[in-house]
Number of protein chains: 4
Amino acid sequence: MTESGQQVEKAKRLPRAVRERQILDAAVTVFARHGYHPASMDEVSEVAGVSKPMIYSYLGSKEDLFLQCIRREANLLIDTVQAGIDLDVAPDMQLWTGLRAFYGFVADHRESWTVLHQQALAVGGKFATEITALREHAIAMVTKLVVSQGSRKGLAEQAEFSGEGLAAALVGAAEALADWWLDRPDISPGVLASWLMNLTWLGFNDLVEGQVWRPTDA
Amino acid sequence: MTESGQQVEKAKRLPRAVRERQILDAAVTVFARHGYHPASMDEVSEVAGVSKPMIYSYLGSKEDLFLQCIRREANLLIDTVQAGIDLDVAPDMQLWTGLRAFYGFVADHRESWTVLHQQALAVGGKFATEITALREHAIAMVTKLVVSQGSRKGLAEQAEFSGEGLAAALVGAAEALADWWLDRPDISPGVLASWLMNLTWLGFNDLVEGQVWRPTDA
Amino acid sequence: MTESGQQVEKAKRLPRAVRERQILDAAVTVFARHGYHPASMDEVSEVAGVSKPMIYSYLGSKEDLFLQCIRREANLLIDTVQAGIDLDVAPDMQLWTGLRAFYGFVADHRESWTVLHQQALAVGGKFATEITALREHAIAMVTKLVVSQGSRKGLAEQAEFSGEGLAAALVGAAEALADWWLDRPDISPGVLASWLMNLTWLGFNDLVEGQVWRPTDA
Amino acid sequence: MTESGQQVEKAKRLPRAVRERQILDAAVTVFARHGYHPASMDEVSEVAGVSKPMIYSYLGSKEDLFLQCIRREANLLIDTVQAGIDLDVAPDMQLWTGLRAFYGFVADHRESWTVLHQQALAVGGKFATEITALREHAIAMVTKLVVSQGSRKGLAEQAEFSGEGLAAALVGAAEALADWWLDRPDISPGVLASWLMNLTWLGFNDLVEGQVWRPTDA
DNA sequence: AATGAATGAGCCTTCATTCAT
DNA sequence: AATGAATGAAGGCTCATTCAT
């Protein structure tokens, strides 16, 4: 009050775009904290510092709000991973950089990851559809890498294996490791990614025999 | 009438244990159908064919009820898998038989699996704790196999890998594959288990080069 | 307490049918007092001496509740009027007795009449449909009387008049007179009915006998 | 720019009177569409193409707005009917021309009629008072005609009839016929008016000439 | 042993109304 | 003069839980 004429106590009357972001941020926090159903619009409005009618006016119903949270975070995840992949290197390195970017995202956006991974699926309906699409996106990316590696090695796909199945397993392993990681924050994203590479790309048996997969460069 | 004090005229009046099973069965169905929060005690009582006060009298609150569902199904899962593992064979075969038993359980108890895997975690609190314990049980089992295989091969655990981390990833992959499988019922449990063995035990790269892991006997 | 062991303070735990009647009675009162939209379920529950969940459990939503009020009162009105008509007398006397019964109903059930006449139509939707049906029932009854009187007098219906239109006007006049009457309670139902008979029946009789009023010029 | 200080660049900035008319027009439309309570100020502002604060600034609260709608439309109705009556002709012709003008108004201003007849009464309070006044105005006009016709015929008002009651019935019949007419637009206002004249005036004339209908027995 | 009857509490949603620009 | 931004207050509806029979 002595140093600055600027009063901060009333930061009201903000433009719509800003408020919408505030609300979505708050919603992600609250949905991550309680899950969809137990989360109350009251708590969202409180955390956002905005009255409930604004939420309804700007973002629509609770369902709409949740959906927009999911979409925003899902897109952020996709963009982050895609930006982290170096397309000019060998398939294994592409996978590794993608995984590293993925774990980076999880570390930087724990709430987003919680909402996407633990909450949205359980609710079902439109939300599960959205998450399923996200996962299928990931599986498709991994499948492409797997197939391209197969080609490089001059191998036609073996009938008894499903590239998509393997990719689904790999993606599931990556997700599970992310959850496991949440309580062990002292491990770096790169290390996690390496574990997965060694487990799935190289195989446990090779590991046992002393072979280790390592990033060629970064 | 002379031989038995039990009268037949009361089709009701079932012994407590039977009622409790009826109720738990109904609860699993309803929780799998809607998830914990949206599920209503009314629907449980309706599906169980039992009035609501009986549920409260026998099994306690909604939270208690859900907890007992989880525990019953978790124990069933553990028992089923444990019963499926042949302890007299090599570690890889133990893992394979365990996985096969796991997928058998998922196929035979879809509702149980849905409740355990998709719902309980999302609710958090005591429930998540319970599920986490279940998963840690699984991880511990797998870790033991992994370590024992390492010993057989005369290898000290390498510092840069966490047996538990690898096991967590493997368990996660197995769970993810179970979900992926729910929409593709034409694949047999054994085949799913083989995929996982090849992906994690043998490694994708070995696969590509023509090595394939196969069950030695069964 | 000294004179009677009977405690009246807690008249709870009544059978469903009784509660339903209590609730409907209260609802008619409240809807008549405020109209459909401003009426609150809270007030209905308060007037009924019953908690809100019972209303929803027994009668359904606010819309359902209103609809059932309308239907109950409409049927009561129809039954009352029909019971008041002596079918063995001449058409004019049938009309008169019907009107007298109608005004008797309005006098005895002011709230019912208010709900039926002033509120239900204004709300529109299903409710207006219901009221329209009631009115059409009344118009049909009157039309029958009008036509039978025409036949008695040996008159084919004249093309330039619509029996239904005349009946609608007559019914409207009767309703309007009922409203007008609400603030002048010292007039007896029979007198009101006589007024209407003199205004409309005498005119109608002239029509039947071939007299027609026509504009003299324009 | 030299001749006029008014700039053309502002398509907005309309004079207050114009804005008020816009708003009232929109309000009549919206109130006719939904009724008073379900109508929202948002919809009014949207239909009017004017922001909500302007409505409050120019016309006050929702209640004020509705009241001014009613008053404007009521005055329009009164003026229209009064303008349609030829005061130089016989009473029956005056009534007929008045009715014709009334039905002309209903045909030309359905929304106004809906608001006045179906909505305003149901809301009660000030609004019902306003409508009651309108109706009493109509009844007074008709009563005057009725009495003047009685005088022309040299008849003192008979004690057992209330000129006002008869007029109320006639007005009610006219209103009811207007509603009935809304779904049958192929009939001309003049024909409707004729029906009413035949139904009520002929009867009234008999009354004036001493004929009285009486119940034969009860 | 078993249940119909009953409710306190809370949540989603909307609306009339005003403030600050 | 004109409006986007903002909210207090209230209403419909549901649910887990218990009481009295």
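Below, read A as the first sequence line, B as the second, and so on, with proteins coming before strands; counting in each chain starts at 1. Keep in mind that what you see is a predicted model, and the values were worked out from it rather than measured.
Of the charged side-chain nitrogens involved, none lies within less than 4.0 Å of a carboxylate oxygen, so that D:Glu130 and D:Lys126 do not count as a salt-bridged pair. Residues B:Arg71 and B:Asp64 are not paired through a salt bridge, judged by the lack of any N-O separation under 4.0 Å between the basic side chain and the carboxylate.
At the heavy-atom level, B:Arg16 lies nowhere under 4.0 Å from the strands shown.
A heavy atom closer than 4.0 Å to some atom of DNA chain E occurs in D:Ala39, these being the qualifying members of residues 26-39 of chain D. The stretch residues 122-129 of chain A has no heavy atom under 4.0 angstrom from DNA chain F at all. Taken residue by residue, residues 53-61 of chain B places heavy atoms nearer than 4.0 Å to DNA chain F at B:Pro53, B:Tyr56, B:Ser61.
Here the closest non-hydrogen pair linking D:Leu121 and C:Gln118 is O-OE1, 4.4 Å. When all heavy atoms are compared, the tightest approach of B:Val115 to B:Ile70 is CG1-CG1, 4.5 Å.
With hydrogens and angles ignored, no donor-acceptor pair under 3.5 angstrom links the side chain of C:Lys52 to the base of F:dT14.
Rounded to whole Å, the distance from CD1 on A:Ile23 to P on F:dA5 is 11 Å. Whole-Å rounding puts the C:Asp64 CG to F:dT14 P distance at 10 Å. Protein atom CD of C:Glu20 is 15 Å distant from nucleotide atom C1' of E:dA6, rounded to whole Å. Spacing between atom CZ of D:Phe66 and atom C1' of E:dA16 amounts to 16 Å, rounded to whole angstrom units. The distance between atom CG of C:Leu65 and atom C1' of F:dG11, rounded to the nearest whole Å, is 15 Å. Rounded to an integer number of Å, the gap from CD of A:Glu46 to P of F:dT7 is 13 Å.
For A:Ala27, the side chain to side chain contact (heavy atoms under 4.5 Å, CB included) partners at least two apart in sequence or on another chain are A:Phe31, A:Val44, A:Leu65, A:Cys69. C:Glu111 pairs by the side chain to side chain contact (heavy atoms under 4.5 Å, CB included) definition with C:Val28, C:Thr29, C:Ala32, not counting sequence neighbours. With sequence neighbours excluded, the residues satisfying ring-ring contact (aromatic ring centres under 6.0 Å, His included) with D:His117 are D:Trp113. Listed by chain and number, the residues in a side chain to side chain contact (heavy atoms under 4.5 Å, CB included) with A:Pro53 are A:Ser51 (sequence neighbours excluded). Among residues two or more places apart in sequence or in another chain, the ring-ring contact (aromatic ring centres under 6.0 Å, His included) test is passed with C:Tyr56 by none. Not counting sequence neighbours, B:Tyr58 has no partner by the ring-ring contact (aromatic ring centres under 6.0 Å, His included) test. A search for side chain to side chain contact (heavy atoms under 4.5 Å, CB included) contacts involving A:Ser57 returns nothing, not counting sequence neighbours.
Along DNA chain F, the nucleotide closest to C:Ser40 and the one closest to B:Ser40 are compared, and the more 5′ of them pairs with C:Ser40. Both A:Ala17 and B:Lys62 lie close to DNA chain F; mapped to their nearest nucleotides by heavy-atom distance, the more 5′-ward contact belongs to A:Ala17. Nearest-nucleotide positions on DNA chain E place B:Gly49 closer to the 5' end than the other of D:Asp42 and B:Gly49.
With distances taken from any side-chain atom of C:Arg13 to the nucleotides F:dA6, E:dC12, F:dT21, the minimum falls on F:dT21. Distances were taken from every side-chain heavy atom of A:Met41 (C-beta onward) to each of E:dC12, E:dA6, F:dT7; the shortest belongs to E:dC12. Residue B:Ser51 has its side chain nearest to E:dA2 when only E:dA2, E:dC12, F:dT17 are considered.
One finds a side-chain N or O of A:Arg19 lying less than 4.0 angstrom from the OP1 or OP2 phosphate oxygen of F:dA6.
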Secondary structure string for DNA chain F (Watson-Crick or G-U under 3.5 angstrom, | for other-strand pairs): .||||||||||||||||||||

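Side-chain contact, A:Gln22 with A:Arg19: a donor N or O sits under 3.5 Å from an acceptor N or O.
A:Phe127 is listed as a side-chain neighbour of A:Leu67, based on a closest heavy-atom distance under 4.5 Å.
Within the structure, salt bridge (charged side-chain N to carboxylate O under 4.0 Å, His left out) contacts touching residues 30-47 of chain C (residues at least two apart or in different chains) are C:Arg33-C:Glu43, C:Asp42-C:Lys52.
Relative to the six-membered ring of D:Tyr36, D:Lys62 meets both conditions, a distance below 6.0 Å and an angle of at most 45° to the axis.
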